[in-house]
K.L.:
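Just dropping this structure here.
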There are 2 protein chains.
Amino acid sequence: MDKWDFKSGSILSGLPENDLDQLMAHRLEQVYKKGELIFREGAYPQGIFYIMAGKVKKFKVDESGREHIVYVANAGDLIGYHAVLAEERYPDSTAALEESRIAFIPKEDFLDMLNHSGILGRRLLKNLSHEFGVLANGLTLFTQKSVRERLALQLVVLREKYKVDFQPGMSVIINMSREDLAGLVGTTKENVVRVLTEFKQAGMLETRGRKIVIHDVGQLVRIANYR
Amino acid sequence: MDKWDFKSGSILSGLPENDLDQLMAHRLEQVYKKGELIFREGAYPQGIFYIMAGKVKKFKVDESGREHIVYVANAGDLIGYHAVLAEERYPDSTAALEESRIAFIPKEDFLDMLNHSGILGRRLLKNLSHEFGVLANGLTLFTQKSVRERLALQLVVLREKYKVDFQPGMSVIINMSREDLAGLVGTTKENVVRVLTEFKQAGMLETRGRKIVIHDVGQLVRIANYR
DNA sequence: TTGAAAAACTGCATAATATCAATTTTTAAA
DNA sequence: TTTAAAAATTGATATTATGCAGTTTTTCAA
């Protein structure tokens with residue numbers, strides 16, 4: 001068992017232990033409360049963040065104040081490294097969706113590692129290329145699918161992120177406000193409510209207070225892929 | 001003057017000449033006619049493509065047959081490398097928008113170069129990170145701007161891609177079908193026509209047959225950024 | 001437990017966008 | 001040129017999404 005027990009599939013998992021020791025040497029661990037800002041759009045990056053536990057949202061706020069969520073990151077994800085690599089300011093803000101433990105790694109350590117260990121660079125390239133494809137795909141979905149289809153799709157994606165100790169057929173609880181969901185789908189909170197009501201009546205899900213319990217993913221997948 | 005006279009700002013420009021010699025050694029140059037397919041979504045990548053002259057569109061076709069253009073690539077751009085790096089199939093198709101000369105570089109040569117020269121890897125990381133930010137930004141724009149605003153924005157972007165030997169104040173001719181434009185904006189060809197008519201009446205542009213002549217970019221920029 | 005405050009929900013009016021069915025214009029080949 | 005095919009355009013109509021106002025429910029802290 002590794003000293004650094006990174007979730008399998010995460011960018012850092014499986015890297016040489018010495019490299020990780022060096023990368024994490026000057027890290028700064030911090031617990032962020034729900035809603036707390038981790039970094040703000042336009043700030044100059046001083047390092048990267050590794051999510052040890054919890055969930056965060058990457059989002060942009062438009063001129064009318066509406067928030068659009070670009071991505072929901074999970075434990076095991078590395079965030080903020082695009083801006084460091086591109087040598088640009090952060091293109092979006094990041095805040096905790098729930099209480100989260102996050103390690104800050106100074107950019108010097110990150111860049112040193114990148115120069116010294118070819119593996120990390122290669123891993124990042126692969127990861128970035130993959131993420132790029134996912135994002136490009138999302139772009140298509142957004143412009144060509146209805147609010148109903150987009151919400152169904154996002155619920156399927158969120159179900160993956162929120163499921164723990166999952167057994168086949170088990171329901172998954174998503175704990176996210178209607179407003180955040182609207183920001184993720186690219187619509188208003190009212191529309192989210194309307195569509196959720198429809199899905200609830202069709203038996204696909206259930207709402208417990210503000211939590212959403214997904215029962216029938218299959219049907220949601222079918223709606224998301226329709227046309 | 002370089003042997004490989006790559007457009008400045010393109011991924012390959014400024015790399016050591018020896019590296020480029022090696023990278024381009026087994027290339028296969030080919031001329032594609034307008035509309036001709038370069039690679040199809042879902043195919044397994046055998047290499048990467050470098051656009052020497054011309055323009056191509058990267059697009060996805062949805063279940064109803066509608067085409068959505070993800071990106072318009074220009075001379076100097078490298079395409080298809082995301083899939084090679086991610087070790088995945090192509091997430092979208094690519095076809096020539098006009099007659100284009102394109103070099104195919106076998107993936108072995110590309111990957112060899114990546115392992116042997118750290119510069120290319122670093123350049124790609126930077127480029128990918130940047131593109132990612134642009135795309136993420138585009139996603140926000142699409143979900144929160146109207147068709148009118150999106151079309152104005154795309155016209156501004158296309159003007160950059162289509163301008164040659166440009167002098168300040170000079171008009172730029174965009175040669176793209178209403179249907180491709182619709183695919184780029186994420187709407188129907190009818191809506192594109194309606195908005196173009198409005199812009200024409202306001203004196204921002206002129207249509208000559210199916211070509212679009214951009215006169216007043218400033219106004220288009222203003223519309224694109226409104227709210 | 002209770003009482004704000006925040007979030008979620010509902011209905012209705014309005015606005016934006018898509019669809020369909022012509023008609024006209026442009027293009028490119030004979 | 002001429003002409004058929006492709007593309008662009010227009011108008012009428014249907015569908016979908018938004019904004020607002022008010023009500024109800026949930027949450028959280030006193």
Side-chain angles (χ1 to χ4, degrees), chain A residues 33-35 62-68 97-99 141-155 173-201 205-213 223 226-227, chain B residues 33-36 57 62-68 97-99 141-155 173-201 205-213 223 226-227:
Chain A
K33 279 178 294 194
K34 179 175 177 173
D62 71 14
E63 295 82 343
S64 71
R66 236 165 71 172
E67 191 177 280
H68 185 262
L97 271 175
E98 57 186 45
E99 186 167 294
L141 294 174
F142 267 95
T143 51
Q144 306 212 327
K145 294 204 182 247
S146 65
V147 166
R148 181 168 175 271
E149 292 162 328
R150 269 142 54 196
L151 179 54
L153 182 70
Q154 290 294 359
L155 288 174
I173 298 174
I174 296 173
N175 193 3
M176 197 182 235
S177 75
R178 305 296 179 267
E179 192 144 27
D180 277 342
L181 219 38
L184 199 52
V185 171
T187 184
T188 59
K189 52 186 183 305
E190 293 93 333
N191 280 332
V192 168
V193 169
R194 285 186 255 266
V195 178
L196 280 180
T197 303
E198 185 209 317
F199 289 171
K200 184 161 54 178
Q201 281 164 359
L205 51 84
E206 180 193 341
T207 54
R208 287 189 199 148
R210 63 191 47 161
K211 296 195 179 80
I212 298 165
V213 189
I223 290 171
Y226 177 70
R227 49 172 99 169
Chain B
K33 281 178 292 195
K34 179 175 177 174
E36 201 175 344
K57 59 178 175 184
D62 70 14
E63 295 81 343
S64 71
R66 238 165 69 172
E67 194 176 277
H68 184 262
L97 271 175
E98 56 187 46
E99 186 167 294
L141 294 174
F142 267 105
T143 50
Q144 307 213 327
K145 294 207 182 245
S146 66
V147 166
R148 181 168 175 271
E149 292 162 329
R150 269 143 53 196
L151 179 53
L153 182 70
Q154 289 295 358
L155 288 174
I173 299 173
I174 296 174
N175 192 2
M176 198 181 234
S177 75
R178 305 295 178 269
E179 191 144 27
D180 277 343
L181 219 39
L184 199 52
V185 171
T187 183
T188 59
K189 54 184 183 306
E190 291 94 335
N191 280 330
V192 168
V193 169
R194 284 186 254 266
V195 179
L196 281 181
T197 302
E198 185 208 318
F199 289 170
K200 184 161 52 178
Q201 282 165 358
L205 52 84
E206 180 193 339
T207 54
R208 287 190 199 147
R210 63 191 48 162
K211 296 194 177 81
I212 298 165
V213 188
I223 291 171
Y226 176 71
R227 57 168 95 168

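Lettering follows sequence order; numbering is per chain, from 1.
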K.L.:
Grab the NZ-P distance between K189(A) and dT10(C) for me, whole Å please.
P.N.:
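Distance check: K189(A) NZ to dT10(C) P gives 15 Å.
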K.L.:
Calculate the interatomic distance between D180(B) atom CG and dA6(D) atom C1'; express it in whole Å.
P.N.:
14 Å
K.L.:
Is any side-chain heavy atom of R194(A) less than 4.5 Å from a side-chain heavy atom of N191(A)?
P.N.:
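Yes, side chains in contact.
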K.L.:
Looking at E179(A), I'd like to know if its CD atom is crowded, meaning that more than 12 non-hydrogen atoms belonging to other residues, nucleotides or ligands lie closer than 6.0 Å.
P.N.:
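Counting other residues, nucleotides and ligands, CD of E179(A) stays at 12 neighbours or fewer.
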K.L.:
For the side chain of E149(B) and the backbone of S146(B), is there at least one donor-acceptor N/O pair under 3.5 Å apart?
P.N.:
yes
K.L.:
dA28(C) P sits how many Å from E99(B) CD, rounded?
P.N.:
13 Å
K.L.:
Is a side-chain donor or acceptor of R66(A) paired with a backbone partner of T188(A) at a separation under 3.5 angstrom?
P.N.:
no
K.L.:
Whole Å only: how far is the CG atom of L196(A) from the C1' atom of dA7(C)?
P.N.:
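To the nearest whole Å, that distance equals 14 Å.
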K.L.:
Around E67(B), counting heavy atoms of other residues, nucleotides and ligands shown, do more than 12 lie under 6.0 Å from its CD?
P.N.:
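Buried by this count: over 12 neighbours within 6.0 Å.
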K.L.:
How long is the line joining CD of E179(B) and P of dT27(C), in whole Å?
P.N.:
16 Å
K.L.:
Which whole-number value in Å describes the distance from I212(B) CD1 to dA7(D) C1'?
P.N.:
13 Å
K.L.:
Is any side-chain N or O of T207(A) closer than 4.0 Å to OP1 or OP2 of dA8(C)?
P.N.:
no
K.L.:
Just how far, in rounded Å, is P of dA8(D) from NZ of K200(B)?
P.N.:
12 Å
K.L.:
Tell me the interatomic distance from E198(B), atom CD, to dT10(D), atom P, rounded to whole angstroms.
P.N.:
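The answer, rounded to whole Å, is 13 Å.
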K.L.:
Keeping the roles fixed (side chain from R150(B), backbone from K145(B)), state whether a donor-acceptor pair exists under 3.5 Å.
P.N.:
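A pair under 3.5 Å: yes.
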K.L.:
Reading DNA chain D from 5' onward, which residue's closest nucleotide shows up sooner: V193(B) or R208(A)?
P.N.:
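The residue closer to the strand's 5' end, by nearest nucleotide, is V193(B).
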K.L.:
Does the protein touch nucleotides 16-25 of chain D at the base, only the backbone, or not at all? Give it as B, S and - per nucleotide, heavy atoms under 4.0 Å.
P.N.:
-SBBB-----
